[in-house]
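Both ligands and their constituent atoms are indexed starting at 1 by order of listing. All values reported here derive from a predicted model rather than from experimental measurement.
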Amino acid sequence: MPAKVISATAPWASDLNTGVAAIDNEHQQLLDLIYQAHLAAEQGIGTALLLAQARDLIVYTASYLRREERVMHAVNHPSLAAARVIQAEILQTLQHDFSTRSLSSESIAKFILFLKDCLVTHFKALEDSFSAINPALNLQIEEALSSSEALSASQVVNIYIVDDEQQHVDLMVEMTRIAGLSATGFTSSSQFIKQPIANTDIILLDLNMPDMDGIQVMRTLYDKACMPTYILVSGFDERVLHSAKQFADAKNIRVANKLSKPINTKKFIHYISQLHTEVRVALIQRQTQQPQNISPKARLSLEQLKTAITSGQLRLFYQPKLAMKNAKITGFEALVRLQHPELGLIFPDQFIAMAEQNDLISDLTNEVFKLATEDYLSFHAAGIDPVISINISAKDLLDLSMPERFAALAKAKNIPPEAITIELTETAILKSVSDSLDILNRLRMKGFSLSIDDFGTGYSSLVQLYQAPFTELKIDQHFVMRMLDDDEALSIVKICILLAKELKMTSVAEGIETREIWDKLQLLGCDLAQGYFISKPIPIDACCEWVNNNNHLPPPALSPRKSVP
Ligand code: C2E
Ligand code: CA
Ligand code: CA
């Protein structure tokens, strides 16, 4: 029997809004949620959906109680000790084991009823204690509430259905409604992307749409730093879905599922409800864990980043590149880290984007270049003459004086420009091909080598690749890591190696983590290798030691397969 869409206010909550509301005005919403689940149980919503609702409730209640406790603690509430006992009891009730296979709707409904009783009792107790509270405390509670994060508003998980077929949109919106949720439908993808999309939203996305296809939608949102969860839908063959999933994986975009049309509606109802719960659970867990688990790296402020760049807190770690034919070292990629006196070692994913967005990237790139040239001299003194690769950003391509500055810096230290490779991602180049060509050509003319990084995900055309004066092509590590389990990834790796050969570029595979992948790449004729299998990025001293200690090199791959053509 299809479940009715229920939207009602819990009758038992109506008279409980004085004392409790002062503690936390979310209580009404929580009780409403329980009430709706209870009604749904009575109307025979089906065990699976009810189970999903119960799980949802568990998470919501746990999160609610933790927040309530924080607010009470913040204001030193006189009933805190008593409330904590009850909160703990309820939290224990929430540990209900729902894993039993023979679970019936009745037993879940009973649990929901029990939870309701526990909470109503708890709220009543709080209300009683409220009469003893003085007005000053009331004020403090209000302040604590406004400063503590709003629970429900940020917990909303919006569901969007984007499909050019009106009928399909209507059907999916209706199915979502039957699952007890609500969805907004769009038949125009270009209209849809104007919406403010949160990372917690779920998007059911048709891949084949006339104005802007599904991959373009994902790419546009990705460029705006929107990372929602996608369910990809296609009316065509599996391959379209598969390659869209490849694209998403390469960008760390979360694809929860791939569906082929026509969609099995029964399965869909169950699925969307489950996914909604999952996304919300993850969201709540993040919210509740944040105060304790916030990584010190995430708290690096803009001021701290500015100071770090100007006062010598940047460090370069080096990751070796080996020639695949003889496992000899050809060079090192310099990867920047920030050594903060209090926050410790911070990785580039925590500060490069911040530098790009706040006009600090050119200072950072300069500092990296200077450090790399100083380190080159140290390598040289240790008897090593490597090629050092440094990474630059898309924004650096706006700096017209960069080629001259780099050339002058290298010349001042007597470093041949051939010893320096500049790596730039494929997507960075695509942002402004014609503008970047000028700078790239001038860098090349000054003698620096140029590497196109993360190749394979940016869809640059052959013409663009041919026009730009690259000397090296780095295959995106996403494909390298999957090449033994995924035929399409393997095809992309093969094509990249061939393309590099045809265009007289050096092919580099990065992200090699196993001997098997090394062996396979060697067989395919890839030129250079980089990855944890060889070495992680390490500080320069460790790097020199690593070079001089031959035992640390992975033994050259001499597997029997090597001689097989
Ligand atoms: P990238 O240029 O693609 O660098 C490769 C990243 O993959 C590095 O991460 C490296 O540590 C990691 N890696 C290498 N081999 C393996 C492997 O076998 N397995 C796995 N799982 N990972 C591997 P890292 O150092 O965190 O750098 C991340 C990104 O930050 C770099 O990606 C690059 O885009 C950026 N970056 C690093 N240094 C600089 C810099 O000086 N300037 C700019 N603009 N960007 C930089
Ligand atoms: Ca790189
Ligand atoms: Ca790369």
Side-chain angles (χ1 to χ4, degrees), residues 249-252 297 305 308-309 313-322 331-339 345-375 387-399 402 406 420-429 431 449-458 470-484 493 496 506-518 521 528-539 542-543 554:
D249 284 350
K251 302 274 180 202
N252 269 335
K297 293 159 194 170
L305 177 59
I309 296 172
Q313 290 172 10
L314 297 185
R315 302 275 179 281
L316 294 183
F317 275 40
Y318 290 90
Q319 190 178 34
K321 281 176 168 171
L322 297 193
F332 303 96
E333 176 172 4
L335 293 152
V336 72
R337 275 95 180 93
L338 195 159
Q339 182 67 59
L345 192 69
I346 305 180
F347 285 77
D349 59 325
Q350 305 283 333
F351 58 87
I352 293 288
M354 203 202 291
E356 285 174 340
Q357 286 151 16
N358 293 283
D359 269 345
L360 293 174
I361 195 67
S362 140
D363 293 343
L364 183 142
T365 304
N366 260 338
E367 186 60 20
V368 165
F369 193 91
K370 273 191 210 145
L371 290 171
T373 51
E374 281 159 20
D375 286 344
V387 171
I388 294 185
S389 304
I390 69 154
N391 292 277
I392 64 165
S393 293
K395 287 247 164 96
D396 285 316
L397 294 177
L398 302 172
D399 179 2
M402 185 177 67
F406 279 5
I420 294 170
T421 297
I422 291 156
E423 294 192 7
L424 184 58
T425 62
E426 191 189 8
T427 23
I429 296 152
K431 281 194 178 145
S449 300
L450 292 180
S451 173
I452 183 161
D453 202 354
D454 299 350
F455 189 79
T457 53
F470 288 105
T471 48
E472 180 181 276
L473 185 153
K474 283 186 104 168
I475 310 163
D476 194 288
Q477 49 179 291
H478 164 83
F479 301 115
V480 174
M481 285 167 174
R482 287 167 181 75
M483 60 185 273
L484 295 185
V493 171
C496 288
T506 305
S507 52
V508 185
E510 64 177 343
I512 302 177
E513 293 189 348
T514 62
R515 149 131 343 260
E516 288 70 31
I517 293 185
W518 165 283
L521 284 160
L528 304 186
Q530 197 183 331
Y532 291 176
F533 171 61
I534 301 155
S535 167
K536 288 195 170 184
I538 43 178
C543 197

Asp396 backbone acceptor or donor facing Asp399 side chain under 3.5 Å: no
Point-to-point distance, once rounded to the nearest 0.5 Å, from CZ of Arg315 to CG of Leu345: 9.0 Å
Ligand 1: protein residues within heavy-atom distance under 4.0 Å: Gln319, Glu333, Leu335, Val336, Arg337, Pro348, Ile352, Val368, Asn391, Ile392, Ser393, Asp453, Asp454, Gln477, Met481, Glu510, Gly511, Ile512, Glu513, Gly531, Tyr532, Pro537
Residue and atom names of protein N/O/S atoms that fall under 3.0 Å from the Ca ion (ligand 3): Asp453 OD1, Asp454 OD1, Glu510 OE2
Taking every non-hydrogen atom, the tightest pair across Glu513 and Tyr532: OE2-CD1, 3.9 Å
Residue pairs passing the salt bridge (Lys or Arg N to Asp or Glu O under 4.0 Å) test where at least one lies in residues 348-364, sequence neighbours excluded: none
Heavy-atom pair with the smallest gap, counting every atom of Ala529 and Ile512: CB-CD1, 3.4 Å
For the Ca ion (ligand 2), the closest N/O/S atom belonging to Glu333: OE2
Spatial distance of atom CD1 (Ile352) from atom CD1 (Ile361) [nearest 0.5 Å]: 4.5 Å
Side-chain heavy atoms of Ile392 within contact of Val368, under 4.5 Å: no
Residue list, salt bridge (charged side-chain N to carboxylate O under 4.0 Å, His left out) with Asp249, at least two apart or on another chain: Lys245
Short N/O/S contact of Asn391 with the Ca ion (ligand 2) (below 3.0 Å): yes
Exam field: side chain Thr471 to backbone Leu450, donor-acceptor pair closer than 3.5 Å: yes
Residue pair Leu316 / Ala372: nearest heavy atoms and the distance that separates them: CD1-N, 3.5 Å
